[in-house]
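Reviewing the structure listed below.
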Amino acid sequence: MHAFDVLGDPVRRRILELLAGGERSSGDVTATIQSEFGISQPAVSQHLRVLRDNGFASVRAEGTRRLYAVEPGPLQEVDLWLERFRVFWDQRLDALATELARGKRERRLNSDKKDHP
């Protein structure tokens, strides 16, 4: 399965967001996903399996618990693919930073004028 096929599902993206905060138990992930998406425990397990089978997540046993964590490899591949498109948003972010600095400078100048009439 291609990385974007894996990431194209909102449930799997949300699971990765949860795991990005650190290792989480399958029960914790399931409870959160069930409350947010209203899907069954077996459906959550299937999403976890897709993430694991495609290298986006790892699992380890701790007693009877299964602890999931993000695996960075496939995400780094996605990041490399996105690299060619960054020029489009980097230019816009640079322009936004310029406008924000300009606005901040104008507010400061206007504030100084009010303080020293």
Side-chain angles (χ1 to χ4, degrees):
M1 187 178 282
H2 189 275
F4 288 107
D5 294 327
V6 174
L7 298 174
D9 187 281
V11 173
R12 290 193 286 268
R13 286 194 310 271
R14 180 63 177 127
I15 291 171
L16 284 175
E17 289 171 359
L18 293 171
L19 298 179
E23 195 174 58
R24 300 198 51 174
S25 72
S26 58
D28 184 35
V29 170
T30 298
T32 300
I33 296 301
Q34 284 181 313
S35 71
E36 292 180 7
F37 291 90
I39 62 175
S40 68
Q41 181 276 327
V44 176
S45 293
Q46 184 61 38
H47 285 292
L48 286 166
R49 170 182 261 153
V50 169
L51 290 170
R52 191 178 67 241
D53 289 351
N54 287 281
F56 284 85
S58 62
V59 64
R60 70 179 182 87
E62 186 177 88
T64 58
R65 295 176 3 145
R66 299 290 173 258
L67 300 171
Y68 285 83
V70 168
E71 286 296 322
L75 295 171
Q76 290 168 339
E77 292 174 24
V78 170
D79 186 53
L80 284 173
W81 186 85
L82 287 170
E83 184 64 37
R84 72 186 92 181
F85 301 102
R86 281 200 179 85
V87 66
F88 298 111
W89 65 75
D90 283 347
Q91 291 171 349
R92 290 186 175 109
L93 289 173
D94 290 344
L96 175 61
T98 300
E99 288 302 314
L100 290 172
R102 183 176 293 139
K104 191 183 281 185
R105 186 180 68 241
E106 288 175 8
R107 282 191 302 277
R108 189 175 56 245
L109 290 172
N110 288 336
S111 175
D112 288 347
K113 286 178 184 177
K114 291 178 184 175
D115 292 340
H116 302 88

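Remember, it's a predicted structure, so these values are computed and weren't measured experimentally. These numbers come from the heavy atoms of this one structure, side chains and all, not from hydrogens, waters or symmetry mates.
Sorted by first and then second residue, the ring pair (Phe, Tyr, Trp, His ring centres under 6.0 Å) pairs with a member in residues 2-23 read H2-F4, F4-W81; sequence neighbours excluded. Applying the ring pair (Phe, Tyr, Trp, His ring centres under 6.0 Å) definition to pairs two or more places apart or across chains, none involves residues 16-51. Residue pairs meeting the salt bridge (Lys or Arg N to Asp or Glu O under 4.0 Å) criterion with at least one partner in residues 25-45, sequence neighbours excluded, are R14-E36, R24-D28.
No path of Ile, Leu, Val, Met, Phe, Trp and Tyr side chains, each step under 4.5 Å between heavy atoms, connects V6 with L80, placing them in separate hydrophobic clusters.
Partners of V44 according to the side chain to side chain contact (heavy atoms under 4.5 Å, CB included) rule, which considers only residues two or more places apart in sequence or in another chain, are V29, T30, I33, Q34, I39, L48. By the salt bridge (charged side-chain N to carboxylate O under 4.0 Å, His left out) test, D5 pairs with no residue at all, sequence neighbours left out. With sequence neighbours left out, the side chain to side chain contact (heavy atoms under 4.5 Å, CB included) criterion links P42 to S40. Residues satisfying the side chain to side chain contact (heavy atoms under 4.5 Å, CB included) test with R107, not counting sequence neighbours, are K104. Listed by chain and number, the residues in a side-chain hydrogen bond (donor to acceptor under 3.5 Å, both in side chains) with D9 amount to none (sequence neighbours excluded). Residues satisfying the salt bridge (charged side-chain N to carboxylate O under 4.0 Å, His left out) test with R102, not counting sequence neighbours, are E99. Legend: residues meeting side-chain hydrogen bond (donor to acceptor under 3.5 Å, both in side chains) with E77, ordered by chain and number and at least two apart, are absent. Every residue meeting the side-chain hydrogen bond (donor to acceptor under 3.5 Å, both in side chains) condition with S45, not counting sequence neighbours, appears here in chain and number order: Q41.
Once rounded to the nearest 0.5 Å, the distance linking CG of L75 with CG of L7 reads 6.5 Å. To the nearest 0.5 angstrom, R65 atom CZ is 8.5 Å from S26 atom OG.
The shortest heavy-atom contact between A20 and V70 is N-CG2, 3.6 Å.
Within the 4.5 Å cutoff, the side chain of R60 has heavy atoms near those of the E23 side chain.
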Show me, pair by pair, the donor-acceptor contacts under 3.5 angstrom made by side chains of residues 49-59, not counting sequence neighbours?
unit_1	atom_1	unit_2	atom_2	d
R52	NH1	Y68	OH	3.1
N54	ND2	V50	O	2.8
S58	OG	E71	OE2	2.9

